[in-house]
Amino acid sequence: MGDTRSFYEQVHQIARLIPKGRVTTYGAIAKALGASRSSRMVGTAMIHAHDPRLKVPAHRVVNRNGLLTGKHHYDTQNQMQELLENEGITIEDDKVKDFKKLFWDPLTELLY
DNA sequence: GTGTTGACCCCAA
DNA sequence: TTTGGGGCCAACA
């Protein structure tokens, strides 16, 4: 409300809060911003987040099934997977193993 | 002001 | 189980 920052910038701020070794979803970020129907925009915001100066862990954002839908936007086919595995996450078939356990919901985990 | 584009999501069959 | 179609809306041309 009355926020003049771009939607992308707001998405980036939330994404920076995702703990190492955890993941969240496009939809969850959208919901946390009060724009639950704008999940596609969250994905678009991740394309802009590719700039390392922004320090946005875009690899920790996956779709609602734990699928690595954004992997094609990285330099190599398995870079996203490697980044996650470096944080202790196991990937099977382009999906996050134990997704439910590793899922970090900005709404329930942030404000309590 | 209009049209197009998506790193999505939901639901029906 | 897997597909396919419709809806969504911020940003950009």
Side-chain angles (χ1 to χ4, degrees):
Chain A
M1 327 13 187
D3 201 326
T4 57
R5 289 175 302 163
S6 76
F7 186 79
Y8 291 172
E9 204 175 323
Q10 297 178 57
V11 170
H12 293 169
Q13 288 216 355
I14 292 205
R16 289 190 192 100
L17 303 175
I18 307 170
K20 187 178 180 181
R22 304 286 298 280
V23 295
T24 191
T25 69
Y26 305 99
I29 292 179
K31 197 170 183 180
L33 287 173
S36 60
R37 288 164 247 168
S38 302
S39 49
R40 301 188 74 166
M41 277 68 257
V42 175
T44 307
M46 288 307 150
I47 297 177
H48 291 244
H50 190 269
D51 187 337
R53 288 175 303 169
L54 297 177
K55 298 211 160 61
V56 176
H59 60 282
R60 295 181 192 145
V61 184
V62 298
N63 85 345
R64 77 169 190 99
N65 299 123
L67 200 65
L68 275 55
T69 49
K71 64 177 292 189
H72 292 110
H73 293 270
Y74 288 82
D75 293 339
T76 64
Q77 274 280 324
N78 41 10
Q79 184 172 354
M80 186 175 185
Q81 174 168 343
E82 286 170 358
L83 286 169
L84 289 169
E85 286 174 338
N86 285 344
E87 299 183 355
I89 296 176
T90 302
I91 308 296
E92 280 179 357
D93 250 350
D94 287 345
K95 278 182 295 188
V96 175
K97 193 181 180 187
D98 295 324
F99 171 63
K100 281 189 175 179
K101 283 184 188 174
L102 298 176
F103 176 62
W104 180 84
D105 187 350
L107 277 180
T108 62
E109 308 246 10
L110 214 48
L111 48 100
Y112 41 111

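Just so we're on the same page: letters track the sequence lines, and every chain starts at 1. What you are looking at is a predicted structure, and each value in this text was computed from that prediction instead of being measured.
When the P atom of B:dC9 is taken as reference, atom CG of A:L33 falls 14 Å away, rounded to whole Å. Across the protein-nucleic acid pair, A:L54 atom CG and B:dA7 atom C1' stand 16 Å apart, rounded to whole Å. Rounded to whole Å, atom C1' of B:dC8 lies 6 Å from atom CZ of A:R40. Going from atom CG of A:L67 over to atom P of C:dT3 covers 13 Å, rounded to whole Å. Straight-line distance from the CD1 atom of A:I47 to the C1' atom of C:dA10: 13 Å, rounded to whole Å. Atoms CG (A:N65) and P (C:dT3) sit 13 Å apart, rounded to a whole Å. The distance from atom NE2 of A:H72 to atom P of B:dC8 is 11 Å, rounded to the nearest whole Å. The distance from atom NE2 of A:H73 to atom P of B:dC8 is 7 Å, rounded to the nearest whole Å.
The side chain of A:R64 lies closest to B:dC9 when the candidates are C:dC8, B:dA7, B:dC9.
Residues A:Y8 and A:T44 form a side-chain contact, since some pair of their non-hydrogen atoms from C-beta on lies under 4.5 Å apart.
Comparing A:Y8 and A:S39 against DNA chain C, the residue whose closest nucleotide sits nearer the 5' end is A:S39. Residue order along DNA chain C, read from the 5' end via each residue's closest nucleotide, puts A:R37 first among A:H48 and A:R37.
Among the heavy atoms of the strands lying under 4.0 Å from A:S38 are primed sugar atoms or P, OP1, OP2 only; no base atom is included. In this structure, A:F7 reaches the sugar-phosphate backbone alone: every heavy-atom distance under 4.0 Å involves primed, P, OP1 or OP2 atoms, never a base. Within the 4.0 angstrom heavy-atom criterion, base atoms lie near A:A58.
Between A:H59 and the choices A:E87, A:Q79, A:Q81, the side chain to side chain contact (heavy atoms under 4.5 Å, CB included) rule is met once, by A:E87.
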Next on the checklist: Set out, in order, the CA-CA distance, both residues' side-chain angles and the distance that settles side chain to side chain contact (heavy atoms under 4.5 Å, CB included) for A:W104 and A:V23, then state yes or no.
Outcome noted: CA-CA 6 Å; A:W104 180 84; A:V23 295; over 6 Å; no

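Both A:V56 and A:L17 belong to a common hydrophobic cluster when Ile, Leu, Val, Met, Phe, Trp and Tyr are linked at side-chain heavy-atom distances under 4.5 angstrom.
Judged purely by atom type and a 3.5 angstrom limit, A:D51 uses its side chain to pair as donor or acceptor with the backbone of A:R53.
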